[in-house]
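What follows is a set of notes on a single structure, which appears directly below.
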There are 2 protein chains.
Amino acid sequence: MASQYIEVSDRIREDIINGKFAGGERLKLAELANLYATSHMPIREALRILNGQGIVDFTPNSGMRVREIDVSFMIDLFDVRLALEAVQARRAAERLTPAASNAISSAKTEFECVSAESDRDATLKANHRFHQAISQASGNREATEIEERHYQILRIVWQRYGYASERLEGVIEDHRLLTSAILDQDAEAAGLLAAAHVMRARRNLLTKMRGVERSSQ
Amino acid sequence: MASQYIEVSDRIREDIINGKFAGGERLKLAELANLYATSHMPIREALRILNGQGIVDFTPNSGMRVREIDVSFMIDLFDVRLALEAVQARRAAERLTPAASNAISSAKTEFECVSAESDRDATLKANHRFHQAISQASGNREATEIEERHYQILRIVWQRYGYASERLEGVIEDHRLLTSAILDQDAEAAGLLAAAHVMRARRNLLTKMRGVERSSQ
DNA sequence: TGATCAAATATTGGATCCGCGCTAAGAACC
DNA sequence: GGTTCTTAGCGCGGATCCAATATTTGATCA
């Protein structure tokens, strides 16, 4: 079995994603230790990991709170994502290797197949794998790690507000264009297409979030 | 007194910056506990924090190692920094407030004064404050936190390879142009100037690093 | 002589207990 | 009646001990 703190950090993350812990909620060590049937040491370790991933906020001697995920946070996150996806797509096109080329095209194809079956979780995973393939093709570990963190946060908002299933055709088209730009080693086009892709995703998400915020007032 | 793990994480970071621990070196709990006169629990907590900051690498059941900082890591880091500084400068120009405007211009002036005294540490701090002011003016917490992490890593390489004192006039000129673009709320110019500024810093650093690598062979 | 396996050792991971600081509630004094 | 000080309890931070896991060393066999 994997170490408890890894196990626990995964479970807490899943519970946050599934809304078991609300944004801003205080996470007490004793409570969590009881809930996950362990001592408080692995819990502290796990919360520290989640803190590093930006999922929980921390204040010394006062404990951890679930990070509030609101419209303004998402605007910030997509600003960063926009910049990073673009630079990674450019680098992926420039540094393209045969292995990376295969990884990207098969991830693209897989997404198209899986998304046709309207299994949301599988579609999300396939989408993640596609972007991961580009990220890894860029060879930029720093950017890849940031994007990985962001993906965990995006899972929370997609769970809460729904994934863009109505935009699925558009997403597939975006992926196709982006893939061929990278395979053609057209860095300029790849950068622009990646940026445009993220912009569309942002518009879609923000519209939904604002809709929910208004209707819940 | 602040909590021990915070104290310890700061001390370990400083020791890494000052080269007391080499890149790739294994950091053992018992050893560090002995060195910093504490038990191994605060050490674990401290290393976990440094891991979150990207300064040490971690493998479960095997412990932490000081992250190797080489040319390829710096290329990656500056790719990210280039993208982020540009987007933050644009946002800072768009969202400019009177308070942010004051903060940026006074940080710019302070850098010019301090750098004239050729105190390297103070110059670094002033440079950091200038970029921090823009970062905070952008209002993007996510980007600010990433840049803060990167700054800690840059302190290590500047300590090792020297800060660009010969480029000081150029840096001041860059800062002046960038500041006026932001104060004029010219987002386009601010973004381009910020990107150019980071590019110059990268060229300077990489040249130095490659020089040292060659001469140490 | 080199490779592989096993045992010993070194190191990380986890539980429990206690101390300390923060917070909040109640009483006393102004 | 309001403000401040004290006290109690609640929860985080840290030490120590023990368990689990990795790494290394040495021995045996091909």
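By convention in this document, chain letters (A, B, ...) are assigned in the order of the sequence lines, proteins followed by strands, and residues within each chain are numbered from 1.
The side-chain hydrogen bond (donor to acceptor under 3.5 Å, both in side chains) test applied to Ser135(A) returns Gln88(A), Thr144(A), not counting sequence neighbours. Checked against ring pair (Phe, Tyr, Trp, His ring centres under 6.0 Å), Tyr163(B) has the following partners two or more places apart in sequence or in another chain: Trp158(B). Scored by the side-chain hydrogen bond (donor to acceptor under 3.5 Å, both in side chains) test, Arg13(A) finds Asp10(A), Gln53(A) as partners (sequence neighbours excluded). Remark: Asp57(B) pairs with Arg141(A) by the salt bridge (Lys or Arg N to Asp or Glu O under 4.0 Å) rule, at least two apart or across chains. Scanning for salt bridge (Lys or Arg N to Asp or Glu O under 4.0 Å) contacts around Glu31(A) gives an empty result, with sequence neighbours left out.
Here dC12(D) presents its P atom at 14 Å from CG of Asn34(A), a figure rounded to the nearest Å. Remark: P of dG11(D) and CZ of Arg65(A) are 12 Å apart, rounded to the nearest angstrom.
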> For every nucleotide of nucleotides 6-18 of chain C, 5' to 3': is a protein heavy atom under 4.0 Å from its base (B), only from its sugar-phosphate (S), or from neither (-)?
Replying inline: -----SSBBBBB-
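A stem is defined here as three or more consecutive Watson-Crick or G-U pairs, each with both distances under 3.5 Å; for DNA chain D these stems are C:1-30 with D:1-30.
Screening residues 90-145 of chain A for ring-ring contact (aromatic ring centres under 6.0 Å, His included), with sequence neighbours left out, gives Phe111(A)-His175(A), His128(A)-Tyr151(A), Phe130(A)-His175(A), His131(A)-His175(A), His131(A)-His197(A).
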Name each donor-acceptor pair under 3.5 Å that joins a side chain in residues 34-45 of chain A to protein atoms two or more places apart or in another chain, with its distance.
| unit_1 | atom_1 | unit_2 | atom_2 | d |
| --- | --- | --- | --- | --- |
| Tyr36(A) | OH | Asp15(A) | OD2 | 2.7 |
| Thr38(A) | OG1 | Gln4(A) | OE1 | 3.4 |
| Ser39(A) | OG | Met41(A) | N | 3.4 |
| Arg44(A) | NH2 | Glu45(B) | OE1 | 3.4 |
| Glu45(A) | OE1 | Arg44(B) | NH2 | 3.4 |
| Glu45(A) | OE2 | Arg48(B) | NE | 3.2 |
| Glu45(A) | OE2 | Arg48(B) | NH2 | 3.0 |

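Ion pairing between a basic and an acidic side chain is recognised when a charged N comes within 4.0 Å of a carboxylate O; Glu142(B) and Arg149(A) show such pairing.
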